[in-house]
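Take a look at the structure set out below.
A note on names: the letters A, B, ... follow the listed sequences, proteins ahead of strands, and every chain is numbered from 1. Model, not experiment: these values are computed from the prediction.
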There are 2 protein chains.
Amino acid sequence: MLFSHACQYAMQAVLYLARQQSDSYVSIKEIAEKNNISFHFLVKILQKLTQQGILISYKGPKGGVSLAKPADQITPLEIVDAIDGLSFCNMCILGMPGCDEHHPCDLHHKWSRIREEIYEMLSEKSIAELID
Amino acid sequence: MLFSHACQYAMQAVLYLARQQSDSYVSIKEIAEKNNISFHFLVKILQKLTQQGILISYKGPKGGVSLAKPADQITPLEIVDAIDGLSFCNMCILGMPGCDEHHPCDLHHKWSRIREEIYEMLSEKSIAELID
DNA sequence: ATTATTTAAGACAAAAGACTCTTAAATCTA
DNA sequence: TAGATTTAAGAGTCTTTTGTCTTAAATAAT
């Protein structure tokens with residue numbers, strides 16, 4: 001699996017938020033229920049996104065979370081970075097310790113190209129473009 | 001991370017075996033030391049490959065493991081299948097429950113193409129071709 | 001036969017990932 | 001002000017992955 005469950009949930013939540021019409025806060029409970037995600041687990045994940053400046057949160061009744069910036073200025077890459085980190089960008093697919101451009105493993109070049117495509121998939125389109 | 005550590009170790013071990021000139025058995029201890037893999041852990045992993053018919057093993061002094069068939073008849077895909085399984089081939093990258101060709105998630109099509117390239121990377125070249 | 005070497009098998013432990021629960025703090029409504 | 005709602009924070013649990021250890025079985029060499 002490329003991304004952790006936490007990371008997948010984070011992306012689902014942000015896509016859900018971006019699909020909401022109004023700019024008001026959406027409760028994490030609603031996001032969890034509509035996306036079949038464990039509520040308490042999602043709370044922790046979205047806290048990270050809030051700390052990273054991707055979401056803003058508000059306590060109390062009518063509180064919840066919302067996107068910290070317009071959906072056309074957020075990419076999935078930011079979310080992956082916030083939750084899983086971007087280490088997949090420079091990790092050898094065979095886990096070879098010294099593998100790099102100068103000492104490539106047997107799958108290095110092929111994997112490099114695929115890795116770039118994954119990076120592209122995560123960065124070429126904003127959340128706003130993805131939900132169209 | 002796309003593949004588990006166990007799966008990465010398995011591929012490293014098979015590539016190491018394929019690089020050996022002679023057809024005699026190579027001890028798991030040697031494979032572990034030369035590839036910086038925990039010996040006991042590697043034993044368990046290679047046992048699986050033996051059970052799957054990818055390796056053959058022999059006990060006692062001068063024993064060890066060797067490829068069960070010529071290296072040009074083994075692909076990395078078989079090894080991944082034996083250790084991690086091939087579920088990545090039909091898993092939604094966002095973990096969306098109902099995601100498929102008819103109900104695609106927002107990254108589905110892009111990910112489908114990348115997934116096919118990963119499949120190709122693992123199946124187009126045999127272990128023998130990879131070590132050239 | 002005895003001993004050393006090597007895989008087989010399974011129990012065990014440590015770490016990480018995936019949740020769960022409780023208490024506190026903020027804020028709205030009445 | 002009191003009560004209800006919602007996020008914040010952190011401890012706790014369960015499962016999977018990773019790694020270790022021990023004992024048994026096979027086999028070669030002496």
Sequence neighbours excluded and cut-off under 3.5 Å, please list the side-chain donor-acceptor pairs for residues 68-94 of chain B, or say none.
{"residue": "B:Lys69", "atom": "NZ", "partner": "B:Glu78", "partner atom": "OE1", "Å": "3.0"}
{"residue": "B:Glu78", "atom": "OE2", "partner": "B:Thr75", "partner atom": "N", "Å": "3.2"}
{"residue": "B:Asp84", "atom": "OD1", "partner": "B:Ser4", "partner atom": "OG", "Å": "2.6"}
{"residue": "B:Asp84", "atom": "OD2", "partner": "B:Ser4", "partner atom": "N", "Å": "2.9"}
{"residue": "B:Asp84", "atom": "OD2", "partner": "B:Ser4", "partner atom": "OG", "Å": "3.4"}

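- Taking atom CD of residue A:Gln8 and atom C1' of nucleotide C:dG17, one finds them 13 Å apart after rounding to whole Å.
- In this structure, the CG atom of B:Leu46 is 15 Å from the P atom of C:dT6, given to the nearest Å.
- Rounded to an integer number of Å, the gap from CD1 of A:Ile45 to P of C:dG17 is 13 Å.
- Here the P atom of nucleotide C:dT6 and the CD1 atom of B:Ile56 are 17 Å apart, to the nearest Å.
- Among the atoms of the strands shown, only primed sugar atoms or phosphate atoms (P, OP1, OP2) are found under 4.0 Å from some heavy atom of A:Gln51.
- Applying the 4.0 Å criterion to OP1 and OP2 of D:dT5, one finds that A:Ser27 has every side-chain N and O outside that range.
- Distance CD (B:Glu30) to C1' (C:dT6): 13 Å, rounded to an integer number of Å.
- In this structure, the CD1 atom of A:Ile37 is 13 Å from the P atom of C:dA18, given to the nearest Å.
- Between A:Met1 and A:Gln8, the closest side-chain pair of non-hydrogen atoms falls below 4.5 Å.
- By the side chain to side chain donor-acceptor pair (under 3.5 Å) test, B:Glu30 is found to be paired with B:Tyr16, residues two or more places apart in sequence or in another chain being considered.
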Please report, to 0.1 Å, the donor-acceptor pairs under 3.5 Å made by any side chain of residues 121-132 of chain B, with sequence neighbours excluded.
{"residue": "B:Ser123", "atom": "OG", "partner": "B:Tyr119", "partner atom": "O", "Å": "2.7"}
{"residue": "B:Ser126", "atom": "OG", "partner": "B:Ala128", "partner atom": "N", "Å": "3.4"}
{"residue": "B:Ser126", "atom": "OG", "partner": "B:Glu129", "partner atom": "N", "Å": "3.2"}
{"residue": "B:Ser126", "atom": "OG", "partner": "B:Glu129", "partner atom": "OE1", "Å": "3.3"}
{"residue": "B:Glu129", "atom": "OE1", "partner": "B:Ser126", "partner atom": "N", "Å": "2.8"}

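- Applying the 4.0 Å criterion to OP1 and OP2 of D:dT7, one finds that A:Thr50 has every side-chain N and O outside that range.
- Note: the hydrophobic cluster containing B:Met11 also contains B:Leu2 (ILVMFWY, side chain heavy atoms under 4.5 Å, direct or indirect links).
- Sorted by first and then second residue, the pairs that involve residues 91-102 of chain B and meet side-chain hydrogen bond (donor to acceptor under 3.5 Å, both in side chains), not counting sequence neighbours, are B:Asp100-B:His103, B:Glu101-B:His108.
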Next item on the list: Do nucleotides 24-30 of chain C as a string where each nucleotide becomes B, S or -: B if the base has a protein heavy atom under 4.0 Å, S if just the sugar-phosphate does, - if no protein is that close.
Entry: -BBBB--

Margin query: Does the protein touch nucleotides 10-20 of chain D at the base, only the backbone, or not at all? Give it as B, S and - per nucleotide, heavy atoms under 4.0 Å.
Written below: B-------SBB

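- Spacing between atom CG of B:Leu49 and atom P of C:dT7 amounts to 14 Å, rounded to whole angstrom units.
- Listed by chain and number, the residues in a ring pair (Phe, Tyr, Trp, His ring centres under 6.0 Å) with B:Phe3 amount to none (sequence neighbours excluded).
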Taking only distance into account, with no hydrogens and no angle test, what donor-acceptor pairs under 3.5 Å do side-chain atoms of residues 31-56 of chain B form with protein atoms, sequence neighbours excluded?
{"residue": "B:Asn35", "atom": "ND2", "partner": "B:Ile31", "partner atom": "O", "Å": "2.9"}
{"residue": "B:Ser38", "atom": "OG", "partner": "B:Phe41", "partner atom": "N", "Å": "3.4"}
{"residue": "B:Thr50", "atom": "OG1", "partner": "B:Leu46", "partner atom": "O", "Å": "2.9"}

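- Every residue two or more places apart in sequence or in another chain that forms a side chain to side chain donor-acceptor pair (under 3.5 Å) with A:Ser24 is listed here: A:Ser22.
- For the pair A:Asn36 CG and C:dC19 C1', the computed distance is 15 Å after rounding to whole Å.
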